[in-house]
Amino acid sequence: LTTENPSVTFTKSGSSRPSRIHCDFIAGCDGFRGVSRSAIPCGDVKEFSSSCGFGWVALLAEVPPSSPHVIFALHPNGFAAHMGRTPQITRFYLQCPVGDEISNWPDDRVWEELATRMELRDDHWHLTVGRILEKSTLDMHNSVLEPMSYGRLFLVGEAAHVVAPVAAKGMNLALYDAERLAQAFRHHYKQKDDVGLQQYSQACLKLVWRYQEFNQWLGEMLHTPNSASHESAFQARAQRARLHRLLNSQSSAAAFADIYAGPTKTQYINRSVE
Ligand SMILES: Cc1cc2nc3c(=O)[nH]c(=O)nc-3n(C[C@H](O)[C@H](O)[C@H](O)COP(=O)(O)OP(=O)(O)OC[C@H]3O[C@@H](n4cnc5c(N)ncnc54)[C@H](O)[C@@H]3O)c2cc1C
């Protein structure tokens with residue numbers, strides 16, 4: 001990886017002989033469990049990681065959305081979410097304890113919990129139930145590798161950073177990295193300019209940490225603290241105050257919208273050239 005001609009070794013499916021490609025650069029786009037990040041020797045990158053302290057039951061159901069809107073519900077039993085995907089398919093999430101098993105979530109319990117956590121006092125809204133197509137549990141965690149490059153290997157997306165899917169930023173960050181790296185390669189080959197490659201990690205990490213912080217803030221606001229201790233009762237009240245400020249202050253709502261929807265791509269590319 002640190003030579004002028006790094007290489008990737010792979011075995012084609014159906015073949016028993018490994019092949020090798022030599023190249024100028026390697027883009028490591030193979031996710032959190034891929035080989036790119038583990039190819040970097042220990043000590044040459046630092047990993048910063050944290051657990052969110054909650055898990056999710058992630059569901060995909062063959063049911064029309066029960067609302068045209070994304071719904072994030074806060075309930076003493078835990079967070080629940082509803083997101084229409086197509087006119088026939090809806091995604092749902094339910095907060096669960098870290099390490100929970102999917103066998104603890106039979107379909108009947110899933111629909112009951114979704115209905116309970118998303119119930120409205122005025123009763124104008126009803127949850128449409130149907131066939132569950134996919135169901136899994138995931139422990140929510142975050143991780144960032146610094147720097148996002150080693151020699152001629154450039155890490156892209158979850159090979160470099162995982163952001164728990166609370167604020168839906170993971171794929172957005174992966175696309176931002178890819179765009180940034182493509183632009184740096186263009187400058188290298190067309191203008192013999194390597195500034196983009198040299199600044200790749202630093203520029204991407206700025207956005208990664210911006211979204212990690214936002215994701216943590218949103219996660220804390222939306223999820224029910226998971227024990228009945230004195231401290232979690234304190235946290236629950238602070239959480240409500242945060243939500244109240246967001247719903248009742250225009251400047252808070254505008255700041256939230258700015259980071260949630262995000263500025264345009266051009267604004268980001270220009271901002272991070274600084
Ligand atoms: C439940 C859930 C909901 C989400 N919702 C959103 C959302 O709404 N919005 C959003 O922006 N993000 C969301 N995300 C995050 C998003 O899915 C990821 O951030 C995104 O998929 C990361 O893309 P990636 O290409 O870096 O990694 P991956 O999607 O993990 O892709 C890596 C690819 O590399 C391949 N690979 C791995 N190892 C090798 C190897 N040795 N050889 C060849 N290929 C290999 C894998 O098979 C895979 O295809 C969600 C994540 C989860 C878990």
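Whatever order the structure lists them in is the order used to number ligands and atoms, beginning at 1.
Other residues, nucleotides and ligands place no more than 12 heavy atoms under 6.0 Å from the CZ atom of Phe234. Other residues, nucleotides and ligands place no more than 12 heavy atoms under 6.0 Å from the NE2 atom of His69.
The N/O atoms of Ala174, backbone and side chain alike, include none that comes under 3.5 Å of an N/O atom in ligand 1. By the 3.5 Å distance cut-off applied to N or O atoms, Arg85 is not counted among the residues near ligand 1. Not one N or O of Tyr93 is nearer than 3.5 Å to an N or O of ligand 1, by distance alone.
Within the 4.5 Å cutoff, the side chain of Lys135 has heavy atoms near those of the Asp107 side chain. Annotation: side chain of Ser67 is not in contact with side chain of Met118 (no heavy-atom distance under 4.5 Å). Residues Glu113 and His75 fail the side-chain proximity criterion, which asks for heavy atoms closer than 4.5 Å. Under the 4.5 Å side-chain criterion, counting only non-hydrogen atoms from C-beta, Gln212 is in contact with Val208. Leu155 places a side-chain heavy atom less than 4.5 Å from the side chain of Ile40. Between Ile89 and Leu133, some side-chain heavy-atom pair lies under the 4.5 Å cut-off.
Within ligand 1, the atoms closer than 4.0 Å to a non-hydrogen atom of Gly31 are 27 (O), 30 (O), 32 (C), numbered from 1 in the order shown. For ligand 1 and Gly157, the ligand atoms under 4.0 Å from any heavy atom of the residue are 26 (O). Against a heavy-atom cut-off of under 4.0 Å, Gly34 is close to the following atoms of ligand 1: 38 (N).
For atom 21 (O) of ligand 1, no protein heavy-atom neighbour is found at a distance under 4.0 Å. Protein heavy atoms all stay at least 4.0 Å away from atom 40 (C) of ligand 1. Within a 4.0 Å radius of atom 36 (N) of ligand 1, the protein contributes one or more non-hydrogen atoms. Checking atom 47 (O) of ligand 1 against the protein gives no heavy-atom contact under 4.0 Å. Per-atom contact check: atom 43 (C) of ligand 1 does not touch the protein, criterion being a heavy-atom distance below 4.0 Å.
Both the backbone and the side chain of Ala168 come within 4.0 Å of ligand 1, judged by heavy-atom distances. Residue Lys169 touches ligand 1 through its backbone alone, judged by heavy-atom distances below 4.0 Å.
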Let me check something: any side-chain donor-acceptor pairs from residues 51-63 under 3.5 Å, sequence neighbours excluded? List them with distances.
residue: Ser51; atom: OG; partner: Gly53; partner atom: N; Å: 3.1
residue: Trp56; atom: NE1; partner: His223; partner atom: NE2; Å: 2.9
residue: Glu62; atom: OE1; partner: Arg131; partner atom: NE; Å: 3.0
residue: Glu62; atom: OE1; partner: Arg131; partner atom: NH2; Å: 3.1

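Regarding atom 12 (N) of ligand 1, its nearest protein heavy-atom neighbour is Met171 N, 3.0 Å. The protein heavy atom nearest to atom 25 (O) of ligand 1 is Cys29 O, 4.3 Å. With hydrogens left out, the protein atom closest to atom 51 (C) of ligand 1 is Pro165 CB, 3.8 Å, a heavy atom. Nearest non-hydrogen protein atom to atom 19 (O) of ligand 1 is Glu158 OE2, 2.8 Å.
The residue among Leu155, Asp30, Val166, Leu60 with a heavy atom at the shortest distance from atom 45 (C) of ligand 1 is Asp30.
Ring-plane geometry between Tyr260 and Phe256 is classed as tilted, the angle between the planes lying from 30 to 60 degrees on a 0 to 90 degree scale.
Under the ring pair (Phe, Tyr, Trp, His ring centres under 6.0 Å) test applied with Tyr200, the options Phe25, Phe154, Tyr176 reduce to a single match, Phe154.
For the 3.5 Å distance criterion, the side chains of Tyr189 and Asp24 qualify, holding a donor opposite an acceptor.
By the 4.0 Å heavy-atom criterion, Trp56 is excluded from the residues contacting ligand 1.
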